2 protein chains.
Amino acid sequence: MSAVIKNKALELNPNVSVDCVIFGFDFDQLHCLLIDSGLSKTTGRSRLAVPGDLIYDNETLDEAANRVLKELTGINNIYLEQVGAFGDPNRMGKESDKEWLKSLRAEPDARVITVAYFSLVKMNDFNPEASSFAESAGWAPIKEIDELAFDHREILECALGQLKRKIKIQPIGFNLLPQKFTLSQLHKLYESILNKPLDKRNFRRKILNLKILTPLNEKQVGVPHKPSQLFEFNEENYQKLSSEGFDNFGF
Amino acid sequence: MSAVIKNKALELNPNVSVDCVIFGFDFDQLHCLLIDSGLSKTTGRSRLAVPGDLIYDNETLDEAANRVLKELTGINNIYLEQVGAFGDPNRMGKESDKEWLKSLRAEPDARVITVAYFSLVKMNDFNPEASSFAESAGWAPIKEIDELAFDHREILECALGQLKRKIKIQPIGFNLLPQKFTLSQLHKLYESILNKPLDKRNFRRKILNLKILTPLNEKQVGVPHKPSQLFEFNEENYQKLSSEGFDNFGF
DNA sequence: CTTTGAAAGTGTGTTAATGACACATAGCTA
DNA sequence: TAGCTATGTGTCATTAACACACTTTCAAAG
C-alpha cells in the first residue's frame, strides 16, 4: 500500500478527503462498515473509523468515493450519495487521531476537510476478506457503535439522518436487500432504519401500491412456518415513479 | 483587499473554498445575489458568479460561509445551510475562469473543491452599496440568470433544489420577508420558490394551522384595495413545532 | 359623492390517504 | 397429530388534501 501511495503521491491532495458510511442489513439490524487501525500506542484502545482516503487531484469527489468503496469492498456501481462536507479545524485533533495520521499520511498535520458519502450495499455481495484497505474491516450494528476516530461519529449520525429522511421519500431500501426478498424482510429493514415499529398491514399496502415490486413464482423454502412470497424490485416501474417525484409515499 | 489577503496568506487554504448562494425576495420574484468580476479580456463578456472565497485554515466551513456573507452584505446571523461539496477537477476549467483566477489568487492553478451554502436574507436589511467584496454586486431574478462562472450555475440549481425541498417540509420562508408581512406576500413567496401556483384558501388554512404566525393589530395602509392584516413570525411556537419534526406540513 | 378596480378574506363538500385493529393459514418440528 | 411460528388478509373511522366563488374594503378616478 505504501508503494501505491508513493507512486501517486504527487497527485494526492493533502487537504481533501472522502469518507464513506457504508450501510448493510443482515435481515435483523442495520450495520455500518468500519475499519480498524489497530491499537493506539498511547491509549491502548483500537481506533475504529469509517473508511476514507485523501482524494487524487485528477478525480472527482464521486469518483474518489467510488474508488474507496471499490478498494474496500471490491464492488462497483453501488448506491452512493453525498452527505456533505465536514471541516472543523479540530476534527482530527485527538491525540490518538494524530498518532494514527502520522503512520498514514505524508503530511499528517495538514488541514483536511472531508466530504462524506453514504452508500447502501447488499451484505451478501460483500466479502469482508476482499479488503485491501485497512488492518481489518467489519460490520458493526449501528446501535452498538460508540466512539469513532476523528469526527466520524458525527458523520455517521449525519449519514444516518439523511438515510432516514431519504427512505421516507424515496424507495431506496432495495439496495440493502438481495435481489429476491420477502415483504417481511423489507418491513424489518424499514423498521430498523426508522428505528420505530410500523404496522404490518399498512406497510404492505403502501409498498404494494407503489407497484415497484414484482411477485415471483417462488416461495421461501425450509422455514418452520408458512413460507412467504418472494419479490423482486422492478426497475422499470421505479423509473416511472421516480419521474413523478415519489409523491404518493411517506412513512 | 489584496493587503488583507497578503496578511493572511499563510493561513489561506489553496484547495478549499466556500460559495454562498444568497436568496432574496422582492415581493414578486425570487432573486439571487451575484458578483461581477468585470469584463473578461478574451471574451469581452462580464463574468457573473456567486460570492465565494478560499477558506482560512483556522476557521470552520460554516464560519467561512458566514464570513463571506458578512463581508458581502454586512449582515450577521443569517439563515445559512450547507448544500454540499463540488469537486469536479475541471470545474474551473473555462478560459475566462482561469483568466479571472490569475488576477485573484496566489495559486491560480491549484485544484479547488468548494463547499456550497445557501442563505436567505431579507432584501430590506441588505444595502448593496455596503459590498467590499467584488467589483460590483447585485440582485438578479432567478429566472433571468443564464450562464455563470465556474460551476456556479450547477451550484445555484442545486441550492434552489434544496430550498424547494426544504420549504415543503420546514417553514423557513420567513427569513426572506420583513418582520411584518401579509399572508399574500408569504403566499407569493411560496409560489415563487416552488414555481407553481398554490390555491389561496388552502394555503392560508395550512399556514395558519401551524400556529406560527401572530396576527398584529396593524393593517396595510395606502393600498388601493382592502388592506390586509399584518403578521409576525412567532419564534416560540416555531421552536415547539420544530421539536415535533414539522410533521403536519407539506406543499 | 358615486362608481370602478384590485386584492383581501372567507366555508363547504368530495375524495384520497392514514392509522388502528384480529384471526385464519401453511409449513416445519417434536 | 398437536403445537409453534411467521405469513397473509379487510374494514372502519379519522384525518388531510383538493377544488371551487362570492363578498368586503379601500383608494382613485370621474
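To find a chain, count down the sequence lines: A is the first, B the second, and so on, and within it residues start at 1. Source: prediction; values computed, not measured.
Distance check: B/F246 CZ to B/L241 CG gives 5.5 Å after rounding to the nearest 0.5 Å. Atoms CD and CD1, from B/E157 and B/I142 in turn, are 9.0 Å apart once rounded to the nearest 0.5 Å.
A salt bridge is defined here as a Lys NZ or Arg NE, NH1 or NH2 lying under 4.0 Å from an Asp or Glu carboxylate O, and B/K196 with B/E191 fails to meet this definition.
Rounded to a whole Å, the CZ atom of B/F246 is 18 Å from the P atom of D/dA16. Summarising the geometry, the separation between CZ on B/F203 and C1' on D/dA17 is reported as 16 Å, rounded to the nearest angstrom. For the pair B/K168 NZ and D/dA16 C1', the interatomic distance rounds to 17 Å; values are reported in whole Å. Spacing between atom CG of B/D28 and atom P of C/dA7 amounts to 12 Å, rounded to whole angstrom units. As rounded to whole Å, 12 Å separates atom C1' of C/dG19 from atom CG of A/L198. A straight line from CG of A/L210 to P of C/dA16 spans 17 Å, rounded to a whole angstrom.
Using a distance-only test at 3.5 Å, with no hydrogens or angles considered, a donor-acceptor pair links the side chain of A/K122 to the main chain of A/L177.
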Subject >> Sequence-aligned protein contact record of nucleotides 5-15 of chain D, with B where the base is within under 4.0 Å of a protein heavy atom and S where only the sugar-phosphate is >> reply: BSBBBBB----

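A donor and an acceptor atom, one from each side chain of A/E81 and A/Y79, are located under 3.5 Å apart.
Checked options B/L33, B/L34, B/T114; the residue passing with B/V50 is B/L34 (criterion: side-chain contact (heavy atoms from CB on, under 4.5 Å)).
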